[in-house]
Amino acid sequence: MPAFTAQAPAKIILFGEHAVVYGRPAIAVPVTALQTRAIVRADPHASHGQVHLLAPAVQLDAWLDELEPNHPLRRVVELTAQELGAAYIPACQITIQSTIPVASGLGSGAAVSVAVIRALAAYLGRALPDETVSAIAYEVEKIHHGTPSGVDNTVIALRKAVFFARGQPIQPLRVGRPFLLLIADSGIPSPTALTVGEVRSAWQQNPTHYEALFDQIAAIVVQARSLIENGSSDHLGDLMNRNQTLLRELGVSSPELERLIHAALRAGALGAKLSGGGRGGNIIALVSEVNAPVVAQSLEEAGAKGVIRTTVQ
Ligand code: MEV
C-alpha cells in the first residue's frame, strides 16, 4: 500500500514574540533538527470515508468522526478536504510522529497541521501552495490558542526565515551570513494560549504601557532584520538581551528561563532570550563555533533538559 508522507519543521522566534500578536513585526526561523511527520495510507479494510488517526506521542487512536468537531486534527483534515473540493476522503489511516516537544514554544501544533495538510493533499492527488497550507494551519492555530498572530504557521509552511507582520504579505528574510544558535529546553510545558491570554489581560488594564513595550520590541525587530540581512549577526546578541528585558517586563519570563539565560551569558553567549510564548519552553542563545560547547555544557548544568544546535541560514 503506497504511503504519502510529509514533514514539517519546528520553529523558533528570534525576535518579537507577543508584540507580533498586536500587529508588530517578528522574525522567525525553521528548525529542521526537529520534525513532525504525517503518513497517510489507504485502508482497504475500512468503510468508505473512514479516516483513522494515530498519534502515539499523545496517546491518540481514534476515528475522525469520534473526535469533537473542534478537535484540531479533525479540523485540519476537514479543512484540507474542503480546500481540495473532495466530497469525501477515501478510507485511510493518518499516522503522526513528531520529535517536536509540545507546549514548548517550538510550533508543534502548527507543524502537525502543516504535515497533515501536505500528506493528505498528496493522498488526494494534489499539491497545495505554501500560502494555502499556511492559511489552513492558521485556522487550526485559532483552536490551539485563540488569537494567534499567524507567525508559526507561516514560517513552518514556508520552511524559510521570515520577517512577519500580521496582515502583511509574507516577507522571506535573506540571511547575509549564517549564524549559530543553541536552543535549550527548560522542560516546563507552557501552552502559548496561557501567556498570550495573560498578556492580553494586562494590556487591557494598561494599554498605554503595553503598547509602548510593543513599540520598543518592534524597533528591535527592525534593527535585527537589517543586521541579519547585512551579515552582521555578531551584533544580534545585544538586541536579544534587550528583547529579553522587554519580555520580562511583559511578564512572560520565569525563574527557570532566567536561570538558563544567565547560564548561557555567563559561559560566553553573545545574547540570549526566551523564544515563543515564554514562562516555560525554550530559550535561545547566540554562540560562536568556538564557545558553543562550553555554553551548551553550562546550559545543561543549569538544568536544561536538552540543548539543540541550529544554524540560521
Ligand atoms: C508563539 O510562537 C508566539 C506568540 O507571539 C504568539 C503568536 O504569535 O501567535 C507568543
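In what follows, every heavy atom counts, from backbone to side chain, and hydrogens, waters and symmetry copies are set aside. As the structure lists them, so they are numbered: ligands from 1, and atoms in each ligand from 1. Along the sequence shown, residues are numbered consecutively beginning with 1.
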Residue Val20 vicinity, atoms of ligand 1 by number, heavy atom under 4.0 Å: 5 (O), 8 (O)
Leu14 backbone acceptor or donor facing Lys273 side chain under 3.5 Å: yes
Non-hydrogen atoms of Ala119 and Phe4 that approach each other most closely: CB-O, 3.6 Å
Which atom of Val295 lies closest to which atom of Ala267, heavy atoms considered: CG2-O, 3.7 Å
Residue and atom name of the nearest protein heavy atom (relative to atom 4 (C) of ligand 1), distance in Å to one decimal: His18 N, 3.9 Å
Lys11, portion touching ligand 1 at heavy-atom distance under 4.0 Å: side chain
N or O contact, Thr192 vs ligand 1, cut-off under 3.5 Å: no
Any donor-acceptor N/O pair, Tyr138 side chain to Ala110 backbone, under 3.5 Å: no
Element-labelled atoms of ligand 1 that are located less than 4.0 Å from some non-hydrogen atom of Pro148: 9 (O)
N or O contact, Glu17 vs ligand 1, cut-off under 3.5 Å: no
Region of Val21 that comes within reach of ligand 1 [heavy atoms, distance under 4.0 Å]: side chain
Donor-acceptor contact below 3.5 Å, side chain Thr154 vs main chain Gly150: yes
Parallel, tilted or perpendicular: rings of Tyr22 and Phe214 (30°, 60°): parallel
Element-labelled atoms of ligand 1 that are located less than 4.0 Å from some non-hydrogen atom of Val151: 8 (O)
Contacting atoms of ligand 1, where contact means under 4.0 angstrom from a heavy atom of Ser149: 7 (C), 8 (O), 9 (O)
4.0 Å heavy-atom contact, His145 with ligand 1: yes
Donor-acceptor pair, side chain of Asp43 and main chain of Ala91, under 3.5 angstrom: no
Under 3.5 Å donor-acceptor, Lys11 side chain and Gly105 backbone: yes
Protein heavy atom at shortest distance from atom 3 (C) of ligand 1: Ile13 CD1, 3.9 Å
